[in-house]
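This structure is a prediction, so every number in the text was calculated from the model and none was measured. Basis for what follows: all heavy atoms, side chains included, without hydrogens, waters or symmetry-related copies.
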Amino acid sequence: MSPDDRRDALPTSDAHPYLRAATAGLRHHTRTLTAQASTGENGRPADRPHLDSLHAHLTALHHLLDQLAERTRPERPASGRHLATAHTRLWQAADSVHAAFHLLPASTPGGSDCHPERLPEGPPVLTICQRHLAASHAVRRKTTTADLAAPAS
């Protein structure tokens with residue numbers, strides 16, 4: 001049994017089956033990319049739908065960590081601070097994925113710009129920009145600019 005197999009073997013009484021399934025999906029995707037690289041396959045670079053899916057995952061984790069930090073902080077302040085730091089780092093990752101999304105070629109000319117003041121041209125830009133805008137509002141309510149600029153500790 002490899003170390004990866006041992007990590008995947010969780011008790012069947014796991015209280016978080018959907019989180020476990022999402023983690024398994026990410027591990028599978030990572031293994032597929034790693035296997036392609038080890039066999040010399042270059043594979044396809046990231047495309048807009050791929051980054052849209054990854055951004056959705058990151059923002060969902062961001063929201064989950066926000067809730068966990070809020071619930072943990074009153075009883076366990078030190079753990080709550082660490083969760084809040086992870087929350088900030090996830091936002092930084094989601095923000096970078098959003099920026100990378102807009103740097104990839106668009107299917108239509110001029111379609112790679114993000115204009116929060118108007119509706120984007122359609123999927124996947126519509127979904128990623130709306131999701132990113134909603135997450136950024138939550139970040140602004142709880143995080144300072146200094147927190148976002150601080151290096152990872």
Side-chain angles (χ1 to χ4, degrees), residues 2-34 37 43-104 106 111-153:
S2 75
D4 285 332
D5 292 336
R6 280 192 297 270
R7 270 184 281 159
D8 288 342
L10 293 175
T12 56
S13 63
D14 185 16
H16 309 287
Y18 296 112
L19 190 57
R20 187 178 75 234
T23 302
L26 286 173
R27 284 184 182 143
H28 173 75
H29 189 69
T30 302
R31 285 185 192 128
T32 301
L33 291 174
T34 302
R44 290 185 356 209
D47 57 8
R48 286 180 145 212
H50 191 186
L51 292 185
D52 180 41
S53 296
L54 185 57
H55 186 270
H57 191 79
L58 287 170
T59 54
L61 281 173
H62 178 260
H63 184 69
L64 176 61
L65 272 174
D66 181 37
Q67 290 179 342
L68 287 173
E70 288 297 315
R71 291 179 180 171
T72 304
R73 197 173 299 175
E75 287 184 35
R76 309 248 190 263
S79 292
R81 282 191 302 273
H82 281 285
L83 290 173
T85 299
H87 170 259
T88 300
R89 299 301 172 246
L90 269 176
W91 167 251
Q92 291 168 331
D95 193 44
S96 293
V97 169
H98 180 251
F101 174 91
H102 286 292
L103 291 174
L104 290 175
S112 65
D113 300 332
C114 185
H115 299 282
E117 71 280 359
R118 65 179 169 84
L119 287 176
E121 75 265 14
V125 177
L126 178 64
T127 56
I128 192 171
C129 291
Q130 284 181 334
R131 185 184 323 110
H132 197 71
L133 186 60
S136 68
H137 287 300
V139 167
R140 280 189 231 127
R141 283 193 307 268
K142 296 184 177 190
T143 311
T144 67
T145 306
D147 289 338
L148 292 174
S153 52

Nearest non-hydrogen partners of [X] and [Y], listed with the distance:
X      : Y      : answer
Leu83  : Ala69  : CB-CB, 3.8 Å
His102 : Arg48  : CA-NH2, 3.8 Å
Val97  : Leu54  : CG2-CD2, 4.2 Å
Ala94  : Thr59  : CB-CG2, 4.1 Å
Phe101 : Ile128 : CE2-CG2, 3.5 Å

Could you measure the distance from the [atom1] atom of [X] to the [atom2] atom of [Y]? Nearest 0.5 Å is fine.
X     : Y     : atom1 : atom2 : value
Asp47 : Ser53 : CG    : OG    : 9.0 Å
Arg89 : Leu65 : CZ    : CG    : 12.5 Å
His98 : Asp52 : NE2   : CG    : 9.5 Å
Leu90 : His57 : CG    : NE2   : 9.0 Å
Arg27 : Thr30 : CZ    : OG1   : 9.5 Å

Next on the checklist: Just checking His29 against His50, ring centres under 6.0 Å apart?
Outcome noted: yes
Atom pairs and distances, donor-acceptor, side-chain atoms in residues 71-81, under 3.5 Å, two or more places apart:
| unit_1 | atom_1 | unit_2 | atom_2 | d |
| --- | --- | --- | --- | --- |
| Thr72 | OG1 | Leu68 | O | 2.7 |

Item to check | salt bridge (Lys or Arg N to Asp or Glu O under 4.0 Å) contacts in which one or both residues fall within residues 60-69, not counting sequence neighbours | outcome: Asp66-Lys142
Checklist outcome for this item: With Trp91 as partner, the option from His132, His137, His63 fulfilling ring-ring contact (aromatic ring centres under 6.0 Å, His included) is His132
Any residue meeting side chain to side chain donor-acceptor pair (under 3.5 Å) with [X], in chain and number order, not counting sequence neighbours:
X      : answer
Glu70  : none
His62  : His87
Ser136 : Arg140

Next on the checklist: One pair to check against side-chain contact (heavy atoms from CB on, under 4.5 Å): Leu19 and Leu64. What are the steps and the verdict?
Outcome noted: CA-CA 10 Å; Leu19 190 57; Leu64 176 61; 4.2 Å; yes
Item to check | All pairs passing ring-ring contact (aromatic ring centres under 6.0 Å, His included) where residues 67-86 contributes a residue, at least two apart | outcome: none
